[in-house]
Amino acid sequence: MSSVTKHSNVIVSDAQESDFAEIRRIYAPYVEKTTVSLEDVAPDIEELKARWNKSREKSLPYIVAKIDGNVVGYAYAFPYRLRTGYRFTVEESVYVAEGYKGTGVGHALLDALITICRAKGYKQLVAVIAGTDNNTSIKFHEKLGFRQAGVLQNVGFKFDMWVDTVLMQRDL
Ligand SMILES: CC(C)(COP(=O)(O)OP(=O)(O)OC[C@H]1O[C@@H](n2cnc3c(N)ncnc32)[C@H](O)[C@@H]1OP(=O)(O)O)[C@@H](O)C(=O)NCCC(=O)NCCS
């Protein structure tokens with residue numbers, strides 16, 4: 001993938017079934033090479049589509065960012081916890097293709113996700129960031145109005161290491 005500038009024309013829209021091959025190509029390296037995701041095995045396209053369907057069943061947003069028709073990032077919201085008392089809170093996840101990081105794609109995605117979740121009546125948006133050293137994601141979320149809410153120590157385990165998670169939240 002070529003690199004791009006902040007002035008590139010990023011178009012954010014709802015994910016379509018045909019986007020999932022590209023979504024898998026974006027996500028798989030994060031699973032296979034990093035602790036940004038605490039999955040051990042990259043899900044296949046069918047599994048990713050099943051997760052998309054779960055978001056859709058709950059009318060939660062699952063969106064993609066495209067440049068020149070190519071998917072360069074995606075973001076989605078999912079229930080924070082299933083007990084009914086948590087129904088005004090959702091969690092989110094954002095992934096940008098390696099060659100497009102730092103070019104405003106993540107900002108465009110999370111900004112859109114915030115707008116959609118607010119319009120749907122949710123009141124809190126939560127991010128769970130794997131690794132206290134994931135400065136990019138922490139700074140990114142701070143830029144988008146999130147604040148740190150705490151650290152859970154050693155709750156993840158991947159590549160023979162214990163991983164902390166940083167909890168962040170944003171009012172909607
Ligand atoms: C975290 C991630 C989604 C951010 O998306 P991005 O497109 O790279 O970020 P943007 O270019 O939109 O940057 C938006 C803001 O985030 C912050 N930011 C982005 N990259 C940063 C970095 N490397 N260091 C510090 N701050 C950074 C800046 O405040 C930036 O605003 P600015 O450009 O005005 O300074 C993306 O880097 C990514 O996919 N990382 C790997 C997966 C991941 O960690 N996802 C989060 C899971 S919860």
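All ligand and atom numbering here is 1-based and tracks the order in the structure.
- Residue contacts with ligand 1: Val128 is placed with no nitrogen or oxygen under 3.5 Å of a nitrogen or oxygen of the ligand (distance criterion only).
- Nearest approach of Ile129 to Met168, heavy atoms of both residues: CD1-SD, 3.4 Å.
- Other residues, nucleotides and ligands place more than 12 heavy atoms under 6.0 Å from the CG atom of Asp171.
- Between Glu46 and Lys49 there is a salt bridge, since at least one side-chain N of the basic residue sits less than 4.0 Å from a carboxylate O of the acidic one.
- Between Ile129, Val36, Ile26, Thr34, it is Val36 that holds the heavy atom closest to atom 44 (O) of ligand 1.
- No salt bridge links Asp111 with Lys143; every basic N to acidic carboxylate O contact stays at or beyond 4.0 Å.
- Taking the side chain as every heavy atom from C-beta outward, Leu113 and Leu110 approach each other to under 4.5 Å.
- Proximity to Asn134 (heavy-atom distance under 4.0 Å) selects the following atoms of ligand 1: 44 (O).
- By heavy-atom distance, the residue among Val94, Val166, Val10 lying nearest atom 47 (C) of ligand 1 is Val94.
- The atoms of ligand 1 that sit less than 4.0 Å from any heavy atom of Tyr95 are 39 (O), 42 (C).
- In this structure, Arg81 places its CZ atom where only 12 or fewer heavy-atom neighbours from other residues, nucleotides or ligands lie under 6.0 Å away.
- Listed by number with element, the atoms of ligand 1 under 4.0 angstrom from any heavy atom of Lys143 are 15 (C), 29 (O), 31 (O), 32 (P), 34 (O).
- For the ligand labelled ligand 1, residue Thr103 lies inside the 4.0 Å heavy-atom shell.
- Relative orientation of the Phe146 and His141 rings is perpendicular, given thresholds of 30° and 60° on the angle between their planes.
- No heavy atom of Ser93 sits closer than 4.0 Å to any atom of ligand 1.
- Ligand 1 lies less than 4.0 angstrom from a heavy atom belonging to Gly104.
- Against a heavy-atom cut-off of under 4.0 Å, Gly102 is close to the following atoms of ligand 1: 6 (P), 7 (O), 8 (O), 11 (O).
- Aromatic ring orientation, Tyr74 versus Tyr95: parallel (interplanar angle below 30°, classes split at 30° and 60°).
- Residue contacts with ligand 1 for His107 involve both N, CA, C or O and side-chain atoms from C-beta outward (heavy atoms, distance under 4.0 Å).
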